[in-house]
Amino acid sequence: MQHQAKMSRNSDTMRKIPPGILLIRSIRGKDWSLKSFRYMVLLITFIAYASYHASRKPSSIVKSVLDPDPMKASERNPWPVGNVFIKEDFVSFDRNRTKNKGWYPFNGIDGTWKLGEIDVAFLACYSLGMYVSGHLGDTLDLRLFLTAGMIASGIFVGLFGMGYFWNIHAFSFYLAMQMVAGLFEATGWPSVVAVMGNWFGKRKRGLIMGVWNAHTSVGNISGSLLAAAVLDSGWGWSFIVPGALIASSGVLVYLFLPAYPEDIGFDGANASSAKLDLMPYDEEAQIQKGTTVDLEKNYSLQQGSGSRKGIGLFEACSIPGVISYALCLFFSKLVAYTFLYWLPFYLSQTEIGGEYVSVKSAGNLSTLFDVGGMFGGILAGYISDKLNARATTAASFMSAAIPSMLLYRAYGNISRTINILLMMIAGLFVNGPYALITTAVSADLGTHSSLRGDSRALATVTAIIDGTGSVGAALGPLLTGFLSTKGWDAVFIMLMVGALIATLLLSRLVIAEISEKNQKPTPSSHRQETFEATGSQPLLSNQR
């Protein structure tokens, strides 16, 4: 009876093993090591969130197709008023470029504003859905939750594009599709960060997640290239193809993603501190190398993922550093998402080296901002690991973003080469802190020492931080649609002010980190978490 009760309890705490892993086990006749599973989790979550971002890029690519006539726009002054709009070379270029008269209702007198409303509707629903999805992610099976969100996102992104083939011109249809898509896309970020936090401990977390966070840039780049590649066949395809991509990636997640190490018989990366203290260094090193030991198996059976309970929003907000980073990310994402949604449009309507680029070329050119952002995320993660100072690194990058954006606006029109160089530099400093806060910092805070050992808070904490940031992400593009009527200089002033506020919001955490570093460390500090005020966590001792 005791044996049966134990087996029943173990089955309750273990979630269903992904069918793809069962197939791999049956083919190989044995299981993979922990290290191999970590590589697989890294790859699948990378693909998953890259497809999320790819599905968000089409709206920025097709803006100039839906509302293609800048001469008409100049009548209501949406861009800088000056001689550039009455030069003959621009007028003749525009006549050749805009044979398509746009798509009602976006080509009307208020078309630019409607495009801004579409963006803000998506991001507003995304930010609201984030708070709910974070709690659900810590309560439900992350694999199934993520799969459902990805497939549903793909359906509604594709339905937006079907408006082209169904010849729909009702603004309410496109608004509704974006709002529902935003709700489902909110399932992504809390889920993938929670999965990564479950599989990877604090050791080198900044660098690992900095490299992993390249999925944001890869997704933006691939989404831009896909949308631009099929644009000539009809703008609807620019939504349908990325929608199909995220839905198919959802199937991959369902088949192969183990959300928790415990679910396939391994010990979690964030084992309780008591257990780590009892674990000898050689055993801990074996786990880091991927060797399965009996201690792992026994512990995972007793502490399976099903036995843990999620925490509430209020409890998560009380974790030191959560509110400060959430408010910082509000302004950081305001800056980043303004570039995400409006950079292709800005490039297509701005004279660079005396000429204008086509809509398709502008979409391709804008991907270089994300190339810079990719390196920024990796560099910020590496520096924060080396310095053991998440807040200081994020604040430094955010402050450097201010002069980089100023230089891009002032000198980016000299030539295409200079534009590309300054765009990549701006991308590096803008996306660096954004990537750091939404990955390593969120995972650090989600496994904070103030939490109970049986709590799951990774998805909830990530949702609070990124959900608050997404409110700023919604506000940035909306303000851009309005401020662009005053000229692009007003837009860049808004972006630089946002970066400055984000830097100042981290000042208290930066001071706390500097003060902590000035104190002499105690001998036992190598295995203690010391970021009660800053949210930064020291690495596990490397001298093993």
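Counting from 1, the numbers follow the sequence of the chain as shown.
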Practice problem: Begin from the C-alpha positions of L509 and Y325 and carry the test side chain to side chain contact (heavy atoms under 4.5 Å, CB included) through to its verdict. | Solution: CA-CA 9 Å; L509 303 182; Y325 278 113; 3.6 Å; yes
Exercise. Give the intermediate values and the outcome of side chain to side chain contact (heavy atoms under 4.5 Å, CB included) for residues M423 and L343.
Key: CA-CA 10 Å; M423 185 195 307; L343 183 57; 4.1 Å; yes
Practice problem: Could you walk me through whether T45 and W212 pass side chain to side chain donor-acceptor pair (under 3.5 Å), step by step? | Solution: CA-CA 9 Å; T45 53; W212 172 75; 2.9 Å; yes
Practice problem: Could you give me the CA-CA distance, side-chain angles and deciding distance for I44 and I47, then say whether side chain to side chain contact (heavy atoms under 4.5 Å, CB included) is met? | Solution: CA-CA 5 Å; I44 294 176; I47 294 173; 5.8 Å; no
Quiz item: So M398 and F429, side chain to side chain contact (heavy atoms under 4.5 Å, CB included) or not? Walk me through it.
Solution: CA-CA 6 Å; M398 208 71 243; F429 289 117; over 6 Å; no
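Taking CG of L368 as the start and CD1 of I221 as the end, the distance is 7.5 Å to the nearest 0.5 Å. Interatomic distance, CD1 of I465 versus OG of S470, reported as 11.5 Å (0.5 Å rounding). With rounding to the nearest 0.5 Å, the separation of CG in L506 from SG in C328 is 3.5 Å. Note that OG of S332 and CD1 of I501 are 12.5 Å apart. Values are rounded to the nearest 0.5 Å. How far CG of L226 is from CH2 of W237: 13.0 Å, rounded to the nearest 0.5 Å. To the nearest 0.5 Å, the span separating CD1 on I61 from CG on L225 amounts to 8.5 Å.
Counting only distance, with no hydrogens or angles, the side chain of S399 and the backbone of A395 share a donor-acceptor pair below 3.5 Å. Without hydrogens or angle criteria, T187 side chain to F184 main chain gives a donor-acceptor distance under 3.5 Å. A distance-only check finds no donor-acceptor pair linking the side chain of Y174 to the backbone of G161 [under 3.5 Å]. Within the 3.5 Å criterion, the main-chain N or O of W199 finds a donor-acceptor partner in the side chain of R38. The backbone N or O of A512 lies less than 3.5 Å from no partner atom in the side chain of S515, so there is not a single donor-acceptor pair.
Counting heavy atoms from C-beta outward, M150 and E185 have side chains that stay 4.5 Å or more apart. Taking the side chain as every heavy atom from C-beta outward, Y131 and T468 approach each other to under 4.5 Å. Using a 4.5 Å heavy-atom cutoff, the side chains of N431 and M374 are not in contact. Residues I240 and Y164 fail the side-chain proximity criterion, which asks for heavy atoms closer than 4.5 Å. At least one side-chain heavy atom of L500 sits under 4.5 Å from a side-chain heavy atom of I402. Between M424 and F369 there is no side-chain heavy-atom pair separated by less than 4.5 Å. Side-chain atoms of T503 and F331, non-hydrogen and from C-beta on, never get closer than 4.5 Å to each other. Side-chain contact check for L436 versus F397: every heavy-atom pair is 4.5 Å or farther apart.
The heavy-atom pair separating S384 from T393 by the smallest distance is CA-OG1, 3.5 Å. A pairwise comparison of heavy atoms in N220 and K57 identifies O-CG, 3.4 Å as the closest pair. For the residue pair I378 and G210, the shortest heavy atom distance occurs at CG1-O, 3.4 Å. Nearest heavy-atom pair, P190 versus G134, reported as atom, atom and distance to 0.1 Å: CB-CA, 4.0 Å. When all heavy atoms of C125 and L183 are compared, the closest pair comes out as O-CD2, 3.4 Å. Between M209 and V193, the closest heavy-atom pair is CE-O, 4.3 Å.
Heavy-atom contacts from other residues, nucleotides or ligands closer than 6.0 Å to CZ of F165 number more than 12. Within a 6.0 Å sphere centred on CZ of F375, other residues, nucleotides and ligands contribute 12 heavy atoms or fewer. The neighbour count for M179 CE, taken as heavy atoms of other residues, nucleotides or ligands under 6.0 Å away, does not exceed 12.
Y49 and W189 have their aromatic ring centers within a separation under 6.0 angstrom. For F106 and W235, the ring centers are positioned 6.0 Å apart or more. Close placement of the F492 and Y346 rings is indicated, their centers lying within 6.0 Å of each other.
A salt bridge between R390 and E513 is absent, with no side-chain N of the basic residue lying under 4.0 Å from a carboxylate O of the acidic one. A salt bridge links D119 with K63; the closest basic N to acidic carboxylate O contact falls under 4.0 Å.
At least one test fails for K333 against the ring of Y434: distance under 6.0 Å to the centre or angle within 45° of the axis. The side-chain tip of R56 does not point at the ring of F122 from less than 6.0 angstrom away and within 45° of straight on.
Y126 and S133 share no side-chain donor-acceptor pair at under 3.5 Å.
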Which pairs would a plain distance check flag for residues 472-480, meaning a side-chain donor or acceptor within less than 3.5 Å of a matching protein atom at least two apart in sequence or in another chain?
{"from": "T480", "atom 1": "OG1", "to": "G476", "atom 2": "O", "distance (Å)": "2.8"}

